[in-house]
Amino acid sequence: MKRTTPGKFNKRAHASLLAACMAAVILLVIFQPASAHTEGKMQLSAEPAGPFKMTVFSSPDPAVTGDIHIAALIFVADDARPVLDADVLVTVEPVDGEGPSQESQAVQGYSENKLLFEAIIDVSAPGLYEVSIAVEDADGQSGQASFELEVSPDEGFNWLYIIPVIIVVLIVVVPIVFRMSRRGTSQV
Amino acid sequence: MDPLLRATLTSWDWRVEVIFVLVFAGTIYLLGWWRVRQRTISKQVHSRWHAKAIWRPVAYLGGLLILGIALMSPIDVLASQLFTFHMIQHVLLVMIVPPLLLLANPLPFSIWGLPKSLRSPAGSLLKRDSMVRHSLQRITGAGLVWMAFVIVYWGWHDPNAYDLALRNSFVHDLEHITFFVVSVLFWWHVTGAGPKIHRPMSQGVRFAFLLSAVPITMLAGLAITFSTEPIYKYYEAMPRLWGLSVMDDQRIAGVIMWVVGSMMYLVAALIIAARWLQKEEAKPSLQKSAWATEDTLAAPGIEAK
């Protein structure tokens, strides 16, 4: 009669759990939602704005109350040359006119992509907003473009993102625990 | 300095999750390599791992460094604006980083890097009779890996999938992870790194396996290079950096995939072929009397009756 010693079982169980936890942590950090490494949802795609064109992103996607990032790539309409020296102003106002409008200067320092002008605006109430981006370059040329943005209430962490992590953990842990328990029974 | 150049060179994306994984992987490996080296020196054990060879940690750290550059440098930030940068990023992830990491035989050293109480249990997950080993053996056979490589590589270059990856960071990460995983599995067979759960490939099969990857990258590269219209619409909405038009950008990206992508596998295949020939030459040759006398041979290879 051979029996798996508690020490051995514990070591194997600990190793399995450690592996599962590591896999979970790595997956969590890799699959974190709305990471900053892309600019967010493209709201305007090469939209004409006077002598310029604008490609504008908003994040998070979908937009929820709290800090909303508006990032714009601005380029000369004629040759698509990027504009790097300009004053860019972002205005967010409720479409129904109820509530205050907010303005913020978009700057290049916020984003990891230094070609982007980005503004962070705190939107506290859900609803439909009009976002306008006005640009004026060093030569005094100006243009403006806008889009509508639906902002929903922030419901906290989206637990759907945890599903792939749970699946991976189950794939790793359940067969190992099942196998260990079966082996333990057969050895008794 | 040119403002555009300055803006691009300063566009680094320091991603905590990437740094965490790279530092963790590097630390565990270095610790394991150091422990194995100390044991080899102190006990005068002849190690099959050639632990004294410094090239292993150099290759591994080089692989991690290039992985970090691919995922956090301006190459990644500008990948969403120029197809060329995105292609360079993919070449690094698929063709440069995996062989560098696997040449260092990372698994055994990483297990040695674990705390003592966890080494044996971690190793036991891949023991001969373990379920993990059996499952891994089944799903990572050379044929399946080759097919997965084709599906992943060509699948992500479909215009809809590629554009979706550029628009959604989750899909973008998934694209990179799948590229990286299938490439690691592909190069695992080529390098023969641990865990050695498959029958080792002979040099000839290894050579053929590497050559079989050339058409995969070459055909995709040719299709992109000679396309007469922009394949990925996303890039049409981007400013054109350094006066590079959408079509020129696409052609350069296609050439990178076609030439550089194919070249990596060809170079590796040539190295394998050279080693194979060296081994053949090192074999003792037959004595002349065994094959060159009129009594033994009527013609080369045919014995006289």
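Note that this is a predicted model, so its numbers are computed, not measured. Chain naming here is simple, since letters A, B, ... match the order of the sequence lines and numbering starts at 1 in each.
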*Examine distances only and state if a side-chain atom of Thr84(B) and a backbone atom of Asp249(B) form a donor-acceptor pair shorter than 3.5 Å.*
yes
*Quick one: does Val94(B)'s side chain get under 4.5 Å of Phe180(B)'s, heavy atoms only?*
no
*Looking at Thr10(B), Val16(B), Val18(B), Leu9(B), which makes the most heavy-atom pairs under 4.5 Å with chain A?*
Thr10(B)
*For chain B, which residues of residues 113-131 of chain A have at least one non-hydrogen atom nearer than 4.5 Å to it?*
Asn113(A), Lys114(A), Leu115(A)
*Do Asp173(B) and Arg15(B) sit within salt-bridge range, that is, some charged N less than 4.0 Å from a carboxylate O?*
yes
*Do Gln89(B) and His176(B) get their side chains close enough for a donor-acceptor pair, meaning under 3.5 Å?*
yes
*With sequence neighbours excluded, tell me which residues meet ring-ring contact (aromatic ring centres under 6.0 Å, His included) with Trp14(B).*
Trp12(B)
*Looking at side-chain heavy atoms only, is the closest gap between Leu241(B) and Arg81(A) below 4.5 Å?*
no
*Find the one option among Leu44(A), Leu73(A), Thr55(A) whose heavy-atom pairs under 4.5 Å with chain B are most numerous.*
Leu73(A)
*Please state whether the side chain, the backbone, both or neither of Met238(B) comes within less than 4.5 Å of a heavy atom of chain A.*
both
_Pairwise side-chain hydrogen bond (donor to acceptor under 3.5 Å, both in side chains) hits with a residue in residues 41-51 of chain A, at least two apart_ = Gln43(A)-Ser58(A)
_Geometric class of the Phe83(B)/Tyr162(B) ring pair [parallel <30°, tilted 30-60°, perpendicular >60°]_ = perpendicular
*Could you tell me the separation between the CG atom of Asp13(B) and the CG atom of Leu78(B), rounded to the nearest 0.5 Å?*
11.5 Å
_Measuring from atom CG of Leu67(B) to atom CG of Leu61(B), what distance do you get when rounded to the nearest 0.5 angstrom?_
12.0 Å
*Does the gap between the ring centers of His90(B) and Trp156(B) come in under 6.0 Å?*
no
*Mind checking which of residues 82-91 of chain A sit less than 4.5 Å from chain B, heavy atom to heavy atom?*
Pro82(A), Leu84(A)
